[in-house]
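Let me begin by presenting the structure, written as structure tokens, before commenting on it.
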Amino acid sequence: MKNRVHNSLNLIYSVGTQVVALKHIQGTDGQTVHPAGAVGVVIRSPQDRSHSYRIRFVDGFEAAIHHDGLALLAEYKLGAINDSQQVLATHGLFHRVILRCVIGSRAYGLDTEESDTDRRGIYLPPADLHWSLYGVPEQLEDEATQEAYWELQKFLVMALKGNPNVLECLYTPLVEFASPLAQELLDMRSIFLSRLVYQTYNGYVMSQFKRMQADERNHGQVKPKHVMHLIRLLLSGIHVLREGFVPVEIGEHRTQLLAIKSGEMPWDDVEAWRLRLHQEFDRALETTSLPERPDYERANVFLVKARRQAIEEALP
């Protein structure tokens with residue numbers, strides 16, 4: 001959830017954390033020293049939740065309190081607003097998916113029998129929930145089915161920044177469902193392509209390879225599958241700048257990429273290919289006809305239109 005305080009099931013409050021006592025705090029004589037709702041500070045944390053914290057209150061009084069008898073001050077002040085997960089669970093947000101598509105290895109043409117089917121897309125929350133105190137999550141996830149759906153505004157912002165995963169959602173041929181509103185977005189997908197693709201794709205690949213070079217020096221190994229996808233990103237980015245289209249299926253490069261994944265291609269050969277691709281990327285940037293920036297205005301007009309349609313109960 002955006003702008004929410006989360007409380008993990010295994011979280012142990014650290015020393016110095018402000019907490020609220022959920023029950024009356026009694027002294028050694030059995031009398032109430034502090035009422036429920038009193039604020040204290042953790043001065044000693046347990047190793048696990050089966051043991052007590054040591055809490056010091058504003059008057060210096062100290063008490064041993066179990067985790068279940070405490071709440072983070074920040075969460076306590078949110079009150080019912082912090083129960084957003086329960087509220088959202090009753091709104092069936094997965095039924096608000098307007099675009100569902102397949103990306104990943106199956107869309108790239110790099111899948112094997114063991115490959116998962118990665119479904120991604122967009123959901124449009126109902127207006128009443130979006131306007132409510134609870135807000136809406138930026139992303140819906142179902143780990144069991146390998147599905148993830150971005151809230152529309154989050155998706156658009158990421159697309160405008162040239163995020164590869166999001167752009168591939170707009171260009172994958174494996175679209176399983178698109179509402180009329182989503183189809184309108186697919187029809188205008190070219191507005192998200194700009195020279196920012198160079199910075200986004202190229203910068204990410206360079207940073208990842210720098211990290212892997214260190215791993216190769218220190219540990220003598222890298223993750224071949226990750227290397228394969230980084231090379232694929234370079235190939236894709238070059239194509240975007242040259243052709244103004246995101247190529248999801250890798251086509252003629254399949255054999256080489258699978259050779260990287262299997263470890264058959266030597267690391268020196270991979271590095272040499274990568275460096276050539278970076279040079280090609282530079283040349284593609286010099287000659288591309290893509291605009292300097294994406295069309296923010298059209299993206300904004302689309303978002304406002306979608307927000308207005310979200311008022312209706314039916315999925316637009």
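Source: prediction; values computed, not measured.
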For the pair Leu167 and Val197, evaluate side-chain contact (heavy atoms from CB on, under 4.5 Å) and give the outcome as yes or no after the intermediate values.
CA-CA 10 Å; Leu167 292 180; Val197 165; 4.3 Å; yes
Show your working on side chain to side chain donor-acceptor pair (under 3.5 Å) between Arg293 and Ser194 and close with a plain yes or no.
CA-CA 5 Å; Arg293 298 285 177 171; Ser194 72; over 6 Å; no
Show the numbers, then the answer: is there a salt bridge (charged side-chain N to carboxylate O under 4.0 Å, His left out) between Arg307 and Glu151?
CA-CA 11 Å; Arg307 291 281 187 254; Glu151 193 277 322; 3.0 Å; yes
May I have the step-by-step check of side-chain contact (heavy atoms from CB on, under 4.5 Å) for Met206 and His278, ending in yes or no?
CA-CA 9 Å; Met206 290 177 68; His278 279 305; 3.4 Å; yes
Let's go through Leu185 and Leu99 carefully: what are the C-alpha distance in whole Å and the side-chain angles of both, what is the deciding distance for side-chain contact (heavy atoms from CB on, under 4.5 Å) to 0.1 Å, and is it a yes or a no?
CA-CA 10 Å; Leu185 180 62; Leu99 176 66; 5.6 Å; no
Before you tell me yes or no, could you show the steps for Ile25 and Ile65 under side-chain contact (heavy atoms from CB on, under 4.5 Å), namely the whole-Å CA-CA distance, both residues' side-chain angles and the distance that decides it to 0.1 Å?
CA-CA 9 Å; Ile25 306 301; Ile65 308 176; 3.6 Å; yes
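Rounded to the nearest 0.5 Å, atoms CZ (Arg242) and OG (Ser289) are 12.5 Å apart. Note: Asp116 CG to Ser105 OG = 8.5 Å, rounded to the nearest 0.5 Å. Note: His130 NE2 to Gln153 CD = 6.5 Å, rounded to the nearest 0.5 Å. Between Leu193 atom CG and Leu196 atom CG the span is 10.5 Å, to the nearest 0.5 Å. Here the CG atom belonging to Asp295 is positioned 9.0 Å from the CG atom belonging to Leu160, to the nearest 0.5 angstrom. Rounding to the nearest 0.5 Å gives a distance of 6.5 Å between CD1 of Ile122 and CG of Leu156.
We find that Glu141 and Arg120 are not joined by a salt bridge, their nearest charged nitrogen and carboxylate oxygen being 4.0 Å or further apart. Looking at Glu147 and Arg119, no side-chain N of the basic residue comes within less than 4.0 Å of a carboxylate O on the acidic one, giving no salt bridge. With salt bridges taken as basic N to acidic carboxylate O contacts below 4.0 Å, none links Arg298 and Glu184.
Val157 and Tyr296 are not part of a single hydrophobic cluster, where members link through side-chain heavy atoms under 4.5 Å apart. Follow the hydrophobic side-chain contacts under 4.5 Å out from Val301 and you never reach Phe192; the two are in separate clusters. Taken together through direct or relayed side-chain contacts under 4.5 Å among Ile, Leu, Val, Met, Phe, Trp and Tyr, Leu73 and Ile43 form parts of separate hydrophobic clusters. Ile103 is not connected to Val248 by any chain of hydrophobic side-chain contacts under 4.5 Å among Ile, Leu, Val, Met, Phe, Trp and Tyr, and they are in different clusters. Linking Ile, Leu, Val, Met, Phe, Trp and Tyr whenever their side-chain heavy atoms come within less than 4.5 Å leaves Val227 and Leu275 in two separate clusters.
Judged purely by atom type and a 3.5 angstrom limit, Ser236 has no side-chain atom pairing as donor or acceptor with the backbone of Val246. Between the Glu312 side chain and the Ala314 main chain, no donor and acceptor come within less than 3.5 Å of each other. Side-chain N or O atoms of Thr172 include none that pairs as donor or acceptor with a backbone N or O of Glu168 at under 3.5 Å.
Smallest separation of non-hydrogen atoms from Leu285 and Thr288: O-CG2, 3.3 Å. Scanning both residues, Ile98 and Pro316, for their nearest heavy atoms gives CG2-O, 4.2 Å. Here the shortest heavy-atom pairing between Leu290 and Leu241 reads CD1-CD2, 3.8 Å. Between Thr17 and Ser14, the shortest heavy-atom distance links the atoms OG1-O, 2.8 Å. Taking both residues in full, the closest heavy atoms of Arg106 and Ser115 are given as NH2-O, 2.6 Å, listed atom of the first, atom of the second, then distance. Of all the heavy atoms in Leu110 and Leu257, the pair that sits closest is CD2-CB, 4.2 Å.
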Side chains of residues 53-62: which donor-acceptor pairs under 3.5 Å do they make with residues two or more places apart or in other chains?
from, atom 1, to, atom 2, distance (Å)
Tyr53, OH, Tyr13, N, 3.0
Tyr53, OH, His67, ND1, 2.8
Arg54, NE, Glu62, OE1, 3.3
Arg56, NE, Glu62, OE2, 3.0
Arg56, NH2, Glu62, OE2, 2.7
Asp59, OD1, His34, NE2, 3.0
Asp59, OD1, Phe61, N, 3.0
Asp59, OD2, His34, NE2, 3.1

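Looking at Leu315 and Arg96, their side chains come closer than 4.5 Å, going by heavy atoms from C-beta outward. With a 4.5 Å cut-off on side-chain heavy atoms, Phe177 and Cys101 do not count as touching. Between Ile231 and Ile260, the closest side-chain pair of non-hydrogen atoms falls below 4.5 Å. Side-chain contact check for Arg189 versus Asp187: every heavy-atom pair is 4.5 Å or farther apart. Looking at heavy atoms from C-beta onward, Val240 lies in side-chain contact with Pro247 at the 4.5 angstrom threshold. Contact of the Val15 side chain with the Val41 side chain is not registered, since no non-hydrogen atoms from C-beta on lie closer than 4.5 Å. Side-chain contact between Leu235 and Ile250: absent, with no pair of heavy atoms (C-beta onward) separated by less than 4.5 Å. Looking at Thr117 and Gln146, their side chains never come closer than 4.5 Å, going by heavy atoms from C-beta outward.
Exactly one residue among Tyr123, Trp150, Tyr149 makes a side chain to side chain donor-acceptor pair (under 3.5 Å) with Gln139. That residue is Trp150.
Residue pairs satisfying the salt bridge (Lys or Arg N to Asp or Glu O under 4.0 Å) criterion with at least one member in residues 19-40, sequence neighbours excluded, are absent. Under the salt bridge (Lys or Arg N to Asp or Glu O under 4.0 Å) criterion, the residue pairs touching residues 253-279 are Glu271-Arg274, with sequence neighbours excluded. Residue pairs meeting the ring-ring contact (aromatic ring centres under 6.0 Å, His included) criterion with at least one partner in residues 227-253, sequence neighbours excluded, are Tyr108-His229, Tyr171-Phe245.
Using a 3.5 Å distance cut-off with no hydrogens or angles, the side chains of His24 and Thr32 do not pair a donor with an acceptor.
Val102 forms part of a hydrophobic cluster together with Leu174, judged by ILVMFWY side-chain heavy-atom separations under 4.5 Å. Other members of the hydrophobic cluster containing Ile311, listed by chain and number, are Trp131; membership follows side-chain contacts under 4.5 Å among ILVMFWY residues, whether direct or relayed.
The 12-atom threshold is exceeded at NE2 of His226, counting heavy atoms of other residues, nucleotides or ligands nearer than 6.0 Å.
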